[in-house]
Amino acid sequence: MIETNLAQTINVVNDQGSVYDTNVKYLLADKQILSRILKYTVEEFQKMDIEDILGCIGDDIEIGSRPVDAGLSNLGRVKGAATEDNIPGEGIIYYDIRFTAYLKEKEMKILINIEAQKSKDSGKLGYHLENRIVFYLARMISAQKQTEFFHSDFDNLKKVRSIWICMDSGETEDSIEEICFDRKTIFGNKRNSYHMDLMKGIIVNIRSRADSSSGKAVKKSQNVLIAMLEELVSRKDASEKKRILADEYGMTMTAELERRIQIMCNWSEAIIERERMDARREARIDARREARIEARIEALEKMIRVNITREQILSMGYTEEEYKKAESALYANA
């Protein structure tokens, strides 16, 4: 039986970190996954069926800078293009995923950006992620000058949505947050005002691993999108992932989606094996370090027994702490 295009993407191993990260972006950019992200994060799509949302996603999907062959119908591969936003004097931004969604009934066009974020911990990033999201939204707005609107026709600005998939939440921290304008009257009578929903940032917090620190599987999220994304990036094998995505989330296994899932699973296995090797290496280093410390303490004990003075021992390069340990060991064994 010939497999379809999402059935062969969910079988390759090379440059560990960057290949894995790139593959995650291509997985998220599959239209079947994009449609589910839109349904559960973007208000305008929440009441729509997945099949209808698929038809709203444009063919202008951009992923990094590496080109990918075009897909079939509304499933499978999307084209890759340079996803940089270059404004003179402001530098270059590279978006993970960028595309356009259309709501034909409302004659509405929404510009979407999706980012795969390993961590939102400000201690690791060196900044607060919320500020970066606001910056991305502002750039998506300012970049519309001379493309979506001209001169002072600001009412032609298109809505922008920046969706961040953050992958390091705690076991009970699966959640979806929204960042948007908050308009309020601080003096006088409130007037009927223009609805300010032009810019919205959405943070989707998924748990970092399928297993908690206790080694037990974490409880399945009550949110459909988070549960699906956690399955997608989990360390389960490819066949199990494909079964779950097809049976529980109604996805069609195209060759491209299956291939990407298989690549990610292979990389997950490679990363796990590297972690195991690193742990074994650290254990061997720790064991050698402990052996050297024990040997020095034993040598100190022998010198103390033959009445070599403390000053003489310290002059040989031993530390005060080592001398005290050796002395305590001698008294304990006396």
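All values below come from the heavy atoms of this structure, side chains included, with hydrogens, waters and symmetry mates left out.
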- Query: Quick one: which of Arg207, Arg243, Lys236, Lys241 gives a salt bridge (Lys or Arg N to Asp or Glu O under 4.0 Å) with Glu231?
  - Reply: Lys236

- Counting distance only, does the side-chain N/O of Ser328 pair as donor-acceptor with the main-chain N or O of Ala326 below 3.5 Å? no

- Chi angles and distances behind the side chain to side chain contact (heavy atoms under 4.5 Å, CB included) call for Ile57, Phe99: CA-CA 8 Å; Ile57 299 173; Phe99 65 98; 3.9 Å; yes

- Query: Is the number of heavy atoms from other residues, nucleotides or ligands within 6.0 Å of CD (Gln222) greater than 12?
  - Reply: no

- Message: Do Cys56 and Met48 have side chains that approach each other closer than 4.5 Å (heavy atoms only, starting at C-beta)?
- Response: yes

- Could you give the distance from CG (Leu300) to NZ (Lys324), rounded to the nearest 0.5 Å? 13.5 Å

- Item | Distance (rounded to the nearest 0.5 Å) between Leu229 CG and Cys166 SG | 11.5 Å

- When you look at NZ of Lys145, are more than 12 heavy atoms from neighbouring residues, nucleotides or ligands closer to it than 6.0 Å? yes

- Mind running salt bridge (Lys or Arg N to Asp or Glu O under 4.0 Å) on Arg296 and Glu301 for me, showing each step along the way? CA-CA 9 Å; Arg296 286 176 66 86; Glu301 290 178 23; over 6 Å; no

- Item | Atom of Leu137, atom of Gly201 and distance for their closest heavy-atom approach | CD1-N, 3.7 Å

- Message: Using 0.5 Å steps for rounding, measure from the CD1 atom of Ile203 to the CD atom of Glu177.
- Response: 4.5 Å

- Message: Let me confirm one number: the CE-NZ distance from Met108 to Lys104, rounded to the nearest 0.5 Å.
- Response: 15.0 Å

- Phe181 side chain near Met199 side chain, heavy-atom distance below 4.5 Å: yes

- Query: Any salt bridge between Glu294 and Lys325, counting N to O under 4.0 Å?
  - Reply: no

- Answer whether the closest heavy-atom distance between the side chains of Thr41 and Arg161 falls below 4.5 Å. no

- Item | is_close_aromatic(Tyr136, Tyr95), centroid dist under 6.0 Å | yes

- Query: Hey, quick one: are Leu28 and Ile244 part of the same hydrophobic cluster, counting side-chain heavy atoms closer than 4.5 Å, chains of contacts allowed?
  - Reply: yes

- Query: Can any side-chain N or O of Asp30 pair as donor or acceptor with the backbone N or O of Gln32 at less than 3.5 Å?
  - Reply: yes

- Message: For residues Ile176 and Ile97: do they belong to one hydrophobic cluster (side chain heavy atoms under 4.5 Å, members Ile, Leu, Val, Met, Phe, Trp, Tyr)?
- Response: yes

- Message: I'd like to check Met228 versus Ile33 (side-chain heavy atoms, cut-off strictly below 4.5 Å). Are they in contact?
- Response: yes

- Message: side chain to side chain contact (heavy atoms under 4.5 Å, CB included), that's the test. Do Tyr323 and Arg310 meet it? Break it down for me.
- Response: CA-CA 8 Å; Tyr323 183 86; Arg310 173 179 168 279; 3.7 Å; yes

- Give the intermediate values and the outcome of side chain to side chain contact (heavy atoms under 4.5 Å, CB included) for residues Asp174 and Asn223. CA-CA 8 Å; Asp174 50 321; Asn223 181 271; 5.7 Å; no

- Query: Is the number of heavy atoms from other residues, nucleotides or ligands under 6.0 Å of Phe150 CZ greater than 12?
  - Reply: yes

- Report yes or no: do Tyr127 and Arg132 form a side-chain donor-acceptor pair below 3.5 Å? yes

- Message: Between Asp60 and Thr100 (side chain of the first, backbone of the second, donor and acceptor by atom type, cut-off under 3.5 Å), is there such a pair?
- Response: yes

- Item | Side-chain heavy atoms of Arg289 within contact of Ile285, under 4.5 Å | yes

- For Glu321, look at atom CD and say whether over 12 heavy atoms of other residues, nucleotides or ligands are found less than 6.0 Å away. no

- Does the pair Trp164 and Ile202 meet the rule for a side chain to side chain contact (heavy atoms under 4.5 Å, CB included), with working shown? CA-CA 6 Å; Trp164 294 68; Ile202 298 104; over 6 Å; no

- In this structure, which one of Ile141, Ile110, Asn113 forms a side-chain contact (heavy atoms from CB on, under 4.5 Å) with Val160? Ile141

- Message: Between the side chains of Glu130 and Lys120, is the shortest nitrogen-to-carboxylate-oxygen separation below 4.0 Å, so that they form an ion pair?
- Response: no

- Between Glu44 and Lys159, is the closest basic N to carboxylate O distance under 4.0 Å? yes

- Could you give me the CA-CA distance, side-chain angles and deciding distance for Glu171 and Lys219, then say whether salt bridge (Lys or Arg N to Asp or Glu O under 4.0 Å) is met? CA-CA 8 Å; Glu171 188 174 339; Lys219 186 177 180 181; over 6 Å; no

- From Leu54 CG over to Lys39 NZ, what is the distance, rounded to the nearest 0.5 angstrom? 11.5 Å

- Task: List the atom of Ala227, the atom of Ser221, and the distance in Å for their closest heavy-atom pair.
- Result: CB-O, 3.8 Å

- Message: In this structure, would Phe154 and Leu111 fall into the same cluster of hydrophobic residues linked by side-chain contacts under 4.5 Å?
- Response: yes

- Do Leu129 and Gln117 have side-chain heavy atoms sitting under 4.5 Å apart? yes

- Criterion side-chain contact (heavy atoms from CB on, under 4.5 Å) against Ile112, the qualifying member of Ile37, Leu38, Leu34: Leu38

- Under a 4.5 Å cut-off applied to non-hydrogen side-chain atoms, are Asp59 and Lys31 in contact? yes

- For the residue pair Ser119 and Asp121, confirm or rule out a side-chain donor-acceptor distance under 3.5 Å. no

- Give the cluster check for Met140 versus Phe135: same hydrophobic cluster or not, with ILVMFWY residues linked at side-chain heavy-atom distances below 4.5 Å. yes

- Is Lys158 reaching over with its side chain to a backbone N or O of Asn156, donor-acceptor style, under 3.5 angstrom? yes

- Identify the heavy atoms of Ala116 and Asp96 that sit nearest to each other, and give their distance. N-OD2, 2.8 Å

- Item | Electrostatic pair Glu43-Lys200, nearest N-O below 4.0 angstrom | yes

- What is the minimum heavy-atom distance between Phe45 and Leu103, and which atoms define it? CE2-CD2, 3.7 Å

- Item | Carboxylate-amine/guanidinium proximity below 4.0 Å for Lys25 and Glu115 | no

- Inspect the surroundings of CD in Glu107 and state if more than 12 heavy atoms from other residues, nucleotides or ligands are less than 6.0 Å away. no

- Query: Does Tyr249 share a hydrophobic cluster with Val233, counting links as ILVMFWY side-chain heavy atoms below 4.5 Å and allowing steps through other members?
  - Reply: yes

- Where is the tightest heavy-atom contact between Ile313 and Tyr318, given as atom of each residue plus distance? O-CD1, 3.5 Å

- Task: Taking Asp49 for its side chain and Asp52 for its backbone only, find out whether a donor-acceptor pair lies under 3.5 Å.
- Result: no

- Start with the C-alpha gap between Asp237 and Ser239, add the side-chain angles, then the distance that decides, and say whether side-chain hydrogen bond (donor to acceptor under 3.5 Å, both in side chains) holds. CA-CA 6 Å; Asp237 62 48; Ser239 60; 2.9 Å; yes

- Side-chain contact, heavy-atom cut-off 4.5 Å: Lys118 with Met167? no

- Query: Which value, rounded to the nearest 0.5 Å, describes the distance between Leu314 atom CG and Thr319 atom OG1?
  - Reply: 8.0 Å

- Item | Nearest heavy atoms of Arg36 and Leu225, plus distance in Å | O-CD1, 3.9 Å

- Gln312 versus Thr309, side-chain donor and acceptor atoms under 3.5 Å: yes

